[in-house]
Protein chains: 4
Amino acid sequence: MTTSRDTQRQKFEAREANIIAAASEVFASRGVDGAKMIDIARQAGLAEGTLYLYYRNKHDLLTAVVGHFWSELTAGARLAVDPHADPFQQLEQLASYHLNALLAQFQVVQLTYRARGTESAHVRDLDQVRGYVRIFDAIVERGIDRGNMRGDATLWQARDIFYGTLEFSARTLTLREASSDEGVVDNLMQVMGHHLIPAAKRTDLAPSAVTSSSDAQGITHKDLMEKLNGLEERLKALS
Amino acid sequence: MTTSRDTQRQKFEAREANIIAAASEVFASRGVDGAKMIDIARQAGLAEGTLYLYYRNKHDLLTAVVGHFWSELTAGARLAVDPHADPFQQLEQLASYHLNALLAQFQVVQLTYRARGTESAHVRDLDQVRGYVRIFDAIVERGIDRGNMRGDATLWQARDIFYGTLEFSARTLTLREASSDEGVVDNLMQVMGHHLIPAAKRTDLAPSAVTSSSDAQGITHKDLMEKLNGLEERLKALS
Amino acid sequence: MTTSRDTQRQKFEAREANIIAAASEVFASRGVDGAKMIDIARQAGLAEGTLYLYYRNKHDLLTAVVGHFWSELTAGARLAVDPHADPFQQLEQLASYHLNALLAQFQVVQLTYRARGTESAHVRDLDQVRGYVRIFDAIVERGIDRGNMRGDATLWQARDIFYGTLEFSARTLTLREASSDEGVVDNLMQVMGHHLIPAAKRTDLAPSAVTSSSDAQGITHKDLMEKLNGLEERLKALS
Amino acid sequence: MTTSRDTQRQKFEAREANIIAAASEVFASRGVDGAKMIDIARQAGLAEGTLYLYYRNKHDLLTAVVGHFWSELTAGARLAVDPHADPFQQLEQLASYHLNALLAQFQVVQLTYRARGTESAHVRDLDQVRGYVRIFDAIVERGIDRGNMRGDATLWQARDIFYGTLEFSARTLTLREASSDEGVVDNLMQVMGHHLIPAAKRTDLAPSAVTSSSDAQGITHKDLMEKLNGLEERLKALS
DNA sequence: CATGAATGAGTCTTCATTCAT
DNA sequence: GATGAATGAAGACTCATTCAT
């Protein structure tokens, strides 16, 4: 009985995920108002009416899509950021992750800004964005605690530099149909470094941030540094 | 006769400006699809049909609104930037101007993305946007010519930092309902400084000694990486 | 004063004729509902509002166009039919005239059937058509009086054969983009002959109706017969 | 399952027929442009939007109505014509059938002219109309083959006499609110007879002796004409 | 539960008609 | 009288949502 119910539950959630995926795609490609419920249904391989068994109306579906996007993004970011790395490495990992996410799902991010309607829903959307942003905040705060980063820098300004630059860079890269990030993350990290690192520590960063050369295997100094920092953390943990 | 024709022309342009203003407001507050032509007409104090004497259809009106916004923005920017100031001061003036414009008309900027020729003309930007961005480019290029700024920095990345940061800051300031810019421009200028000022001129920053990644011993990154991965595995086994 | 008033009157009527001509063309080419008042105005070289100084509304204008067409057609028919010719020649003249009129203004005739709206207006239209048809009737009645035509044949049936055949032939000729009438009138006259001529007199007609050969000057036996009949009439009148 | 699908299909076709019937009525009574989609929907007992589930737009619906009319007419005509009768009897059967159809649905025929591809596909007739006319052609061609009818008579002219007369007669009968055909078909058959029956078979008609227009003396029509014109002038001077 | 046919409110757009200049 | 800008009623068409099967 429980198993059957679980199976049902699984089925339900699979359908739900299926609808969200379909809706994400259609919303992203045609825009909120350009997306017809029938298009979403077809994309999901369902009948129109079936959508309404899962979501009360189009706006609810949009909210779910946006909510799903941010929670997935948040989960992905947590995996992408090595908890043992030092704050700067983490920031770089986050930047890299965020940029790739934007490149892959740029249109979906835009939907967030367009979730009009009730104020309450808008606030709920913002809450989810805040959850995502908290990852950034946590990294920086940890950096400040450790003394690796300046505490006098206003956090939200660092945030806007970080996310604003990444979003605009993503747009530019998309327009250029560029495949690699073309040094965007490196550049950003240098900028963030100057913004966040206390003057006394700044020399340590420069080499890492500036070097972007790589050999044919695509392994950069950055990759090595990350690895080393990871090892360092583990050794610390051991002792 | 000429006077009468001029008066006519003036009337026409006044009405046109009136419509653009009304449409800007309605588009901004309700979004493109949320804005009804009759709402715009009422806002402009006109009958619905009258709009169509000035603009062929809704999309044309949107294009006009966005085009008008950017050309006004460009005109304002030219006034805001002192041609005799040095490039960095100019950049600061531009940043300040841009931020204020965003704070005042944040929603209109968002419309830009909808005004593009939907799929038809590929992703052709509005000419007016290019014109506006050219102001930033001109300042930086002049800085490079004068030797005040680095020529090796990629222009578009500087641009994305500049505009991305300002746009996200504007959003934040709007959410906080802040009245002043709370140091956003100052901070941005610091960041832009580090990004654009040649090492020789930076006094508060260590020279960015670039350590070349290739070494004479023929040891590649790949070799190092393999070694490190081996170490990592051993450590995992230990813990 | 009278002269000036006459001049005014002339001007007015000239404008009126101008509007009718313009409206005829636009109505004919685009259909009643497809014709926009502004198109008619432009075609007439006038402003939209000016049309309303001459005709209360679009329907009135249509009525005027149709009325004008039929009265012109009637007037033209009276000129085309030689009053001294014998009834059969007259019928042939009328057929030839009617066919050419149809070929030239086929679309306008169609407008007649479409003058919807008030019953009264419809009746008025029909009256004008009746005026035109009376020419046919008069010819046939005269033929009957003279004993050239049968009185037992129902007049309206002869009329429907006559006009129905000509209208359908006109349509066919138009579709074929034929320039000449391709024997339509000759054929029709033969048909009308068999329908209207008393058996006893039928031999007289056959040659005339059948011969359609002509030399390079385009003069047919028909032409000669007409001429001769005209002369015959005059001689009768003299004696 | 198959039954259910068949039922569905039946329902669909019933609805389709229902819509066509409703549209026919409204189009016929109010004209194409006078017919509002909502009127047709109401007449069919449906909501406005439902029409669009069956026909893409108003013009498609019109085309369907006209197409349906002609194909029904064609089917009816095939039933009305006895395949074993002789060509003349068949023609009479067709005439009688056509006239009655016109009396019943006169307005619908008029719609045909509007259903053509407006300017776009040049003047492409509806295939259904061609199919209908083919019935007439087949009868006449069979008559010619059998030797019952003349092969020298132009088919299209016979067609125009036939259909033109019937259409105009129908109009007349409708205006007179006549119930019977009042001899229209009989009369038409007489006319068609004279037009189509070979001279050898006509007993009530003198042989149509054709006098050739060219004579051996080399006197042309032009010569005669000039002579006659001279006589005419003299006569004018006399009177 | 799933379906998809039916619904009808909502919108853009057109164009006959008016009227201030 | 003439103009043509302004009007707003009207209508084709779309699409989110419902509900009988």
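Here is how names work: the chains are called A, B, and so on, in the same order as the sequence lines, proteins then strands, and each is numbered from 1.
Contacts of Arg15(A) classified as side-chain hydrogen bond (donor to acceptor under 3.5 Å, both in side chains), with partners at least two apart in sequence or in another chain: Tyr54(A). Here Glu25(C) pairs with Gln43(C) under the side-chain hydrogen bond (donor to acceptor under 3.5 Å, both in side chains) rule; sequence neighbours left out.
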| request: Before giving the answer on side-chain contact (heavy atoms from CB on, under 4.5 Å), spell out for Phe27(D) and Arg114(D) the whole-Å C-alpha distance, their side-chain angles and the decisive distance to 0.1 Å. | output: CA-CA 11 Å; Phe27(D) 276 138; Arg114(D) 295 293 304 276; over 6 Å; no
| task | Walk me through it: do Ile20(C) and Phe69(C) pass the test side-chain contact (heavy atoms from CB on, under 4.5 Å)? | result | CA-CA 9 Å; Ile20(C) 292 291; Phe69(C) 170 76; over 6 Å; no
| task | Please test Trp70(D) against Thr112(D) for side-chain contact (heavy atoms from CB on, under 4.5 Å), starting from the C-alpha separation and ending with a verdict. | result | CA-CA 9 Å; Trp70(D) 286 102; Thr112(D) 306; 2.9 Å; yes
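Taking a pair as Watson-Crick or G-U wobble with both distances under 3.5 Å, the runs of three or more consecutive pairs in DNA chain E are E:2-21 with F:2-21.
Non-hydrogen atoms lying under 4.0 Å from DNA chain E are contributed by Leu46(D), Ala47(D), Gly49(D), Thr50(D), Leu53(D), Tyr54(D), all within residues 44-55 of chain D.
For the salt bridge (Lys or Arg N to Asp or Glu O under 4.0 Å) condition, no pair includes a residue of residues 47-70 of chain D, sequence neighbours left out.
Going from atom CZ of Arg42(B) over to atom P of dT11(E) covers 11 Å, rounded to whole Å. Whole-Å rounding puts the Asp39(A) CG to dG4(E) C1' distance at 15 Å. Rounding to whole angstrom units, CG of residue Asn57(B) and P of dT14(E) are separated by 8 Å. Look at CD1 on Ile40(A): it is 17 Å from C1' on dT3(E), rounded to the nearest Å. The distance from atom CE of Met37(D) to atom C1' of dG8(E) is 14 Å, rounded to the nearest whole Å. One interatomic measurement links the two molecules: CD1 of Ile38(A) to P of dA2(E), which rounds to 18 Å at whole-angstrom precision.
Side chain of Asp33(D) to main chain of Asp33(C): no donor-acceptor pair is present (N/O by atom type, distance under 3.5 Å, no hydrogens or angles).
Ala41(B) comes within 4.0 angstrom of nothing in the nucleic acid, heavy atoms only.
Where DNA chain F meets chain D (any atom under 4.0 Å from a heavy atom), the bounding nucleotides read 5' to 3' are dG11(F) to dT14(F).
Rounded to the nearest 0.5 angstrom, Gln107(D) CD and Ser24(D) OG are separated by 12.0 Å. Atom-to-atom distance recorded for Ile40(A):CD1 and Lys36(A):NZ is 11.5 Å, nearest 0.5 angstrom.
Nearer the 5' end of DNA chain E, as judged by each residue's closest nucleotide, is the contact made by Arg15(A), out of Lys58(C) and Arg15(A).
Arg42(A) is not listed as a side-chain neighbour of Val26(A), based on a closest heavy-atom distance of 4.5 Å or more.
Between Val65(D) and Ala23(D) the shortest heavy-atom distance is CG2-CB, 3.5 Å.
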